[in-house]
Amino acid sequence: MSDCLFCRILAKEIPSRKVHEDELTYAFHDVNPQAPTHVLIVPRKHLAGVAEMDKTDESLCGALLFRAKEIADSLGLTSYRLVFNSGAEAGQSVFHLHLHLLGGRRMKWPPG
Ligand code: 5GP
Ligand code: ZN
């Protein structure tokens, strides 16, 4: 999708600070970090968001979550938050599925 920001990052048309990549996923530092560690894990396949996943994406969803855990381990994070914003009202601003990995500071609950 040429008009999708994260597809353009995946295509290396827009630079990003890579954390991890494999055949299914790509992870990079958020350009506007909300915590000392703020990594985005995205599928290479374009999906607009959680709401657009179907049954065939079930294993991809598991891969995103497991990559997040592996990245957190590799960065030495023992406490962290994983977030999917689904829909504009929930804070989603980029409509390519992504998982936020946030850590390195104490986080409030519930979120605002
Ligand atoms: P959302 O608000 O959709 O859940 O999260 C989108 C995230 O993408 C935001 O945290 C925002 O800072 C990040 N972001 C937006 N544009 C860019 C960019 O060009 N590069 C990187 N690395 N992150 C971006
Ligand atoms: Zn995309």
Side-chain angles (χ1 to χ4, degrees):
M1 292 247 314
S2 57
D3 59 345
C4 169
L5 178 65
F6 288 175
C7 282
R8 294 186 67 199
I9 285 178
L10 283 161
K12 310 249 187 272
E13 292 170 22
I14 296 173
S16 63
R17 289 171 56 219
K18 180 175 90 170
V19 175
H20 171 86
E21 68 180 323
D22 57 62
E23 68 285 359
L24 287 177
T25 69
Y26 181 63
F28 54 102
H29 291 283
D30 196 295
V31 77
N32 182 24
Q34 302 302 311
T37 297
H38 187 170
V39 173
L40 301 172
I41 303 104
V42 308
R44 292 191 182 280
K45 173 184 173 180
H46 178 87
L47 279 167
V50 169
E52 284 73 22
M53 293 193 302
D54 65 28
K55 186 76 178 163
T56 64
D57 300 311
E58 200 172 341
S59 62
L60 180 59
C61 183
L64 287 178
L65 183 57
F66 195 70
R67 286 318 168 264
K69 172 260 188 304
E70 290 182 316
I71 291 166
D73 286 349
S74 73
L75 296 176
L77 295 174
T78 53
S79 190
Y80 49 88
R81 183 171 292 174
L82 300 175
V83 176
F84 285 104
N85 292 323
S86 179
E89 291 224 346
Q92 188 176 2
S93 60
V94 177
F95 289 83
H96 180 125
L97 180 64
H98 53 280
L99 176 56
H100 295 261
L101 165 62
L102 298 139
R105 66 165 170 83
R106 178 167 287 278
M107 274 173 271
K108 284 180 277 189
W109 188 263

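As the structure lists them, so they are numbered: ligands from 1, and atoms in each ligand from 1. Keep in mind that this is a model prediction, so the values were computed, not measured.
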Discussion item. Could you check, using the six-membered ring where one of them is a Trp, whether His100 and His98 have ring centers closer than 6.0 angstrom?
Written reply: yes

Fill in: Interatomic distance, Leu101 atom CG to Asp30 atom CG [nearest 0.5 angstrom]
11.0 Å

Worksheet item: Quick one: does Ser93 get an N or O within less than 3.5 Å of an N or O on ligand 1?
Response: yes

Worksheet item: the Zn ion (ligand 2): which protein N, O or S atoms are under 2.8 Å away?
Response: Cys4 SG, Cys7 SG, His46 ND1, His96 ND1

Item to complete: Please work out whether any backbone atom (N, CA, C, O) or any side-chain heavy atom from C-beta onward of Val31 is under 4.0 Å from ligand 1, and answer side chain, backbone, both or neither.
Response: both

Discussion item. Using side chain to side chain contact (heavy atoms under 4.5 Å, CB included), reason through Phe6 and Leu97 one step at a time and then give a plain yes or no.
Written reply: CA-CA 9 Å; Phe6 288 175; Leu97 180 64; over 6 Å; no

Worksheet item: Does an N or O anywhere in Phe6 fall below 3.5 Å from an N or O of ligand 1?
Response: no

Discussion item. Check whether Phe28 forms a cation-pi arrangement with Lys12 (NZ or CZ under 6.0 Å from the six-membered ring centre, at most 45° off the ring normal).
Written reply: no

Fill in: Test item, His100 contacting ligand 1 (heavy atom, 4.0 angstrom)
yes

Worksheet item: How many angstroms lie between atom CG of Leu5 and atom CD of Glu13, to the nearest 0.5 angstrom?
Response: 10.5 Å

Practice prompt. Can you pull out the closest protein heavy atom to atom 15 (C) of ligand 1? Residue, atom name and distance to 0.1 Å, please.
Written response: Leu5 CD2, 3.9 Å

Worksheet item: Backbone or side chain, does any N or O of His98 fall under 3.5 Å from an N or O of ligand 1?
Response: yes

Item to complete: Could you find the nearest protein heavy atom to atom 10 (O) of ligand 1 and give me its residue, atom name and distance?
Response: Asp30 OD2, 2.5 Å

Practice prompt. Please state which part of Phe28 comes within less than 4.0 Å of ligand 1, counting heavy atoms only: side chain, backbone, both or neither.
Written response: side chain

Worksheet item: Asp57 versus Lys45: any side-chain heavy-atom pair under 4.5 Å?
Response: yes

Worksheet item: Can you tell me how far CG of Asp3 sits from CZ of Arg8, rounded to the nearest 0.5 angstrom?
Response: 9.0 Å

Worksheet item: Between Leu99 and Arg67, is a side chain to side chain contact (heavy atoms under 4.5 Å, CB included) present by the stated rule, with each step listed?
Response: CA-CA 10 Å; Leu99 176 56; Arg67 286 318 168 264; over 6 Å; no

Item to complete: Look at atom CD of Glu58 and say whether more than 12 heavy atoms of other residues, nucleotides or ligands are closer to it than 6.0 Å.
Response: no

Worksheet item: Purely on distance, is any nitrogen or oxygen of His29 under 3.5 Å from one on ligand 1?
Response: yes

Worksheet item: What do the steps show when you test Val94 against Leu40 for side chain to side chain contact (heavy atoms under 4.5 Å, CB included), and what is the final call?
Response: CA-CA 11 Å; Val94 177; Leu40 301 172; over 6 Å; no

Worksheet entry | Minimum non-hydrogen distance to atom 2 (O) of ligand 1, winning option of Ala90, Gly87, Gly91, Ala88 | Gly91

Fill in: Ligand-residue contact atoms, ligand 1 with Asn32, heavy atoms, under 4.0 Å
12 (O)

Worksheet item: Is ligand 1 less than 4.0 angstrom away from at least one heavy atom of Ile9?
Response: yes

Practice prompt. Decide yes or no on side chain to side chain contact (heavy atoms under 4.5 Å, CB included) for Tyr80 and Leu75, but give the supporting numbers first.
Written response: CA-CA 11 Å; Tyr80 49 88; Leu75 296 176; over 6 Å; no

Worksheet entry | Test side chain to side chain donor-acceptor pair (under 3.5 Å) applied to His29 - qualifying residues, sequence neighbours left out | none

